[in-house]
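Here's the structure we're looking at; comments come further down.
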2 protein chains.
Amino acid sequence: MPKPKKPYHHGDLKNALIQAAIEILASEGAGGLSLRKAARRAGVSHAAPYAHFADKQALIAAVSTEGYRRLHARILAANARYPGDPLRRLIEGAWAYAAFALEDPDHFRVTLSGVVAREQDYPELTQATAASFGLVVQIVAECQAAGLLRAAPPDLMTVSIWSAVHGLVSLALEGQLSHIILERYTLRRLLIQTLGEFIQCEIPRRLYATPRG
Amino acid sequence: MPKPKKPYHHGDLKNALIQAAIEILASEGAGGLSLRKAARRAGVSHAAPYAHFADKQALIAAVSTEGYRRLHARILAANARYPGDPLRRLIEGAWAYAAFALEDPDHFRVTLSGVVAREQDYPELTQATAASFGLVVQIVAECQAAGLLRAAPPDLMTVSIWSAVHGLVSLALEGQLSHIILERYTLRRLLIQTLGEFIQCEIPRRLYATPRG
DNA sequence: ACCTGAACACCGTTCAAGT
DNA sequence: ACCTGAACACCGTTCAAGT
């Protein structure tokens, strides 16, 4: 216990509000998220959040930070499942990204749809994004060492691959991929097909199957 | 003149509202867009838009449709500039996409950030997206014929390349690309680097320079 | 057909005031 | 330090009424 803080009459309103916001995103979508509703769900008055967040943007930044941490945890878990198998780590890491988007679309949207003034004002968010990026750079570097990805500055290669994965997931999520295509191919199939353009070897067909779920 | 319609006392309120919305996006950003403000700018009462749009979503769908048309026009123009040069057409088409995002970030955001229930309710939007997608498929197919892209179903290859371009542009726009990277490389450089992973030949260095602007 | 004005339920944000 | 209640200026949407 780093700080034995037991404030007024709500255990930890700040985190309660973040959790409430994430729940609202899951149940009502991004359009239904309001400071007042989060306050109501946490059982406090509509002005109480202002004791912990400068404005709505600040709450959203906190929700975004938590989103990045969940993404990080998912990719890390996928990584742990395939020690010494860089190809599998790359593919399942990307799939973990997609799975988060599919399971919690509005939290994903808020997390990745920039809080605009970000960097300056929300150091925790900056740190969370840097940590995730760093993790992907590691995976990419492993793949390069194994000759699975072309030699290039790992951060540049990471930008390219992250872009491709993020773009595919976003377009699918926003319904911008034509029905014709989504009826013929699963998202996982499209993901592997796209990663296949980067990867310098054949990808085993058995990886096409969407895992558990 | 397909329809000599001269309604009540406003020439064409519907289009006036769409233009007003696009102007608001440019001057105040996506957060500042409201039906009431668009109505005010068009010089009508706040309830007047409901004669032409079912709700705010419907206006946004119209703005999105217009965004897709501008994107289409830009890519078409880039195409016309490089007849018989598929590589250049691909690169400058992608750059046209990025240029739209850079010049009118909030219109780009609204255009690509799905209206969710899209397909069913807004046939004009569906048509506009299909047209753009078709144009890119053409360019991709040309590149494949020239051996610049790997042989694969052109629509699948288009999904992969569009994803990469869209992802890169989106991440850059939302400030999700680390400062360190954006300070060292221009967006155009990152775009070409990314396309380079798909293209089966060397890309002339002189294309790295960002054109007019 | 096209538009207005009043009305309703909701926001984000501020601020004096209470414990 | 943490929270409340009233207040203000904004929304989206509806609806009776006017031309």
Notebook entry, point to check: In whole Å, what is the span from the CZ atom of Phe53(B) to the P atom of dC11(D)?
Noted result: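 To the nearest whole Å, that distance equals 18 Å.
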Item checked: Rounded distance (Å) that lies between atom P of dC11(D) and atom CD1 of Ile24(B) ->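 It works out to 9 Å between those atoms.
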Can you sort out the partners of [X] under salt bridge (Lys or Arg N to Asp or Glu O under 4.0 Å), two or more places apart, ordered by chain and number?
{"X": "Arg74(A)", "value": "Glu103(A)"}
{"X": "Arg36(B)", "value": "none"}
{"X": "Asp104(A)", "value": "none"}
{"X": "Arg150(A)", "value": "Glu197(B)"}

Next item on the list: Just jot down the side-chain hydrogen bond (donor to acceptor under 3.5 Å, both in side chains) partners of Asp55(A), sequence neighbours excluded, or say none.
Entry: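 Asp55(A): no side-chain hydrogen bond (donor to acceptor under 3.5 Å, both in side chains) contacts found.
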Check: Does the side chain of Tyr122(A) pick up a donor-acceptor pair with the side chain of Gln127(A) at under 3.5 Å?
Finding: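 The criterion, which ignores hydrogens and geometry beyond distance, is not satisfied for Gln127(A) and Tyr122(A).
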Note to self: Could you work out, with ring-ring contact (aromatic ring centres under 6.0 Å, His included) as the rule, every residue matching Tyr185(A), not counting sequence neighbours?
What the structure shows: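 Tyr185(A): no ring-ring contact (aromatic ring centres under 6.0 Å, His included) contacts found.
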Next item on the list: Could you tell me which residues satisfy ring-ring contact (aromatic ring centres under 6.0 Å, His included) with Phe53(A), sequence neighbours excluded, listed by chain and number?
Entry: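 Here no residue qualifies.
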Item checked: Short side-chain N/O contact to dC11(C) OP1/OP2 from Arg40(A), under 4.0 Å ->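 Answer yes for this pair, as a side-chain N or O of Arg40(A) is under 4.0 Å from OP1 or OP2.
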Notebook entry, point to check: Quick one: is His52(A) getting a side-chain N or O under 4.0 Å of the dA1(D) phosphate, OP1 or OP2?
Noted result: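 Answer is no, no contact under 4.0 Å.
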Item checked: Secondary-structure stems for DNA chain C, with pairs counted as Watson-Crick or G-U when both distances are under 3.5 Å and runs at least 3 long ->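 Listed by first number, the stems are C:4-8 with D:12-16, C:12-16 with D:4-8.
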Can you name the atoms? Protein N/O to nucleotides 12-15 of chain D N/O, anything below 3.5 Å, with the distance.
{"unit_1": "dG12(D)", "atom_1": "OP1", "unit_2": "Leu35(B)", "atom_2": "N", "d": "3.0"}
{"unit_1": "dG12(D)", "atom_1": "OP1", "unit_2": "Lys56(B)", "atom_2": "NZ", "d": "3.4"}
{"unit_1": "dG12(D)", "atom_1": "OP2", "unit_2": "Leu35(B)", "atom_2": "N", "d": "3.2"}
{"unit_1": "dG12(D)", "atom_1": "OP2", "unit_2": "Arg36(B)", "atom_2": "N", "d": "3.2"}
{"unit_1": "dG12(D)", "atom_1": "N7", "unit_2": "Arg36(B)", "atom_2": "NH1", "d": "2.5"}
{"unit_1": "dG12(D)", "atom_1": "O6", "unit_2": "Arg36(B)", "atom_2": "NH1", "d": "2.8"}
{"unit_1": "dT13(D)", "atom_1": "OP2", "unit_2": "Tyr50(B)", "atom_2": "OH", "d": "3.0"}
{"unit_1": "dT13(D)", "atom_1": "OP2", "unit_2": "Lys56(B)", "atom_2": "N", "d": "2.9"}
{"unit_1": "dT13(D)", "atom_1": "O5'", "unit_2": "Tyr50(B)", "atom_2": "OH", "d": "3.3"}
{"unit_1": "dT13(D)", "atom_1": "O4", "unit_2": "Arg36(B)", "atom_2": "NH1", "d": "3.3"}

